[in-house]
Chemist: 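Dumping the structure here so I can ask a few things about it.
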Amino acid sequence: MESASAIVCAVVAALLTDAFPVRVRYIAISLAQQLAGVVFGGTAPVLAQTLVTAGHGSLWPVAVYQALLAVLSACCLLALTSARRNATASAHTVGK
């Protein structure tokens with residue numbers, strides 16, 4: 001299980017390194033990771049229990065919530081890689 005986590009962390013680290021300019025990279029990556037942990041990780045247990053209670057013991061609302069988070073993550077990944085591609089393309093055309 002730890003190797004799967006290491007793979008994810010390695011990819012995220014490389015992606016976030018390219019996402020921010022050098023001048024603000026350290027604070028931006030740290031802030032992004034810490035806020036995501038607080039907002040999504042900190043509220044997840046309470047929200048999951050609320051969804052189970054609202055669903056009268058059914059886990060389907062929690063599954064839908066997790067699916068929505070997966071879609072949100074995929075959208076953010078696409079936006080981040082698209083922005084990186086555009087920045088790389090514009091950096092290569094500036095020198096010409």
Chemist: Compare every heavy atom of Leu77 with every heavy atom of Leu15, then report the nearest pair and how far apart it is.
Modeler: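 It is CD2-CD1, 3.2 Å.
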
Chemist: With a cut-off of 3.5 Å and sequence neighbours excluded, list every side-chain donor-acceptor pair involving residues 47-57.
Modeler:
{"unit_1": "Gln49", "atom_1": "NE2", "unit_2": "Thr53", "atom_2": "OG1", "d": "3.3"}
{"unit_1": "Thr50", "atom_1": "OG1", "unit_2": "Val46", "atom_2": "O", "d": "2.8"}
{"unit_1": "Thr53", "atom_1": "OG1", "unit_2": "Gln49", "atom_2": "O", "d": "2.9"}

Chemist: The criterion is side-chain contact (heavy atoms from CB on, under 4.5 Å); which residues satisfy it with Ser73, sequence neighbours excluded?
Modeler: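 Checked Ser73 against side-chain contact (heavy atoms from CB on, under 4.5 Å); zero matches.
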
Chemist: Side-chain heavy atoms under 4.5 Å apart, restricted to Ile/Leu/Val/Met/Phe/Trp/Tyr: what other residues fall into the cluster of Tyr26, or is it alone?
Modeler: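 Result for Tyr26 is none, singleton.
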
Chemist: Check for me, please, whether Leu72 and Val62 land in the same ILVMFWY cluster - side-chain distances under 4.5 Å, paths through other members count.
Modeler: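 Result: yes, single cluster for both.
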
Chemist: If you link ILVMFWY side chains whenever their heavy atoms are less than 4.5 Å apart, which other residues fall into the same cluster as Leu68? By chain and number, please.
Modeler: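 When side chains under 4.5 Å apart are linked, the cluster holding Leu68 also contains Val64.
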
Chemist: I want to check something: taking the side chain as every heavy atom from C-beta on, are Val24 and Pro21 in contact at a cut-off of under 4.5 Å?
Modeler: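 Answer yes - side chains close enough.
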
Chemist: Under 3.5 Å, which donor-acceptor pairs do the side chains of residues 30-45 form with other protein atoms, sequence neighbours left out?
Modeler:
{"unit_1": "Thr43", "atom_1": "OG1", "unit_2": "Val39", "atom_2": "O", "d": "2.4"}

Chemist: Is Val12 reachable from Ile29 through a run of hydrophobic residues whose side-chain heavy atoms are each under 4.5 Å from the next?
Modeler: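 They do share one cluster, since a chain of ILVMFWY contacts under 4.5 Å joins Ile29 to Val12.
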
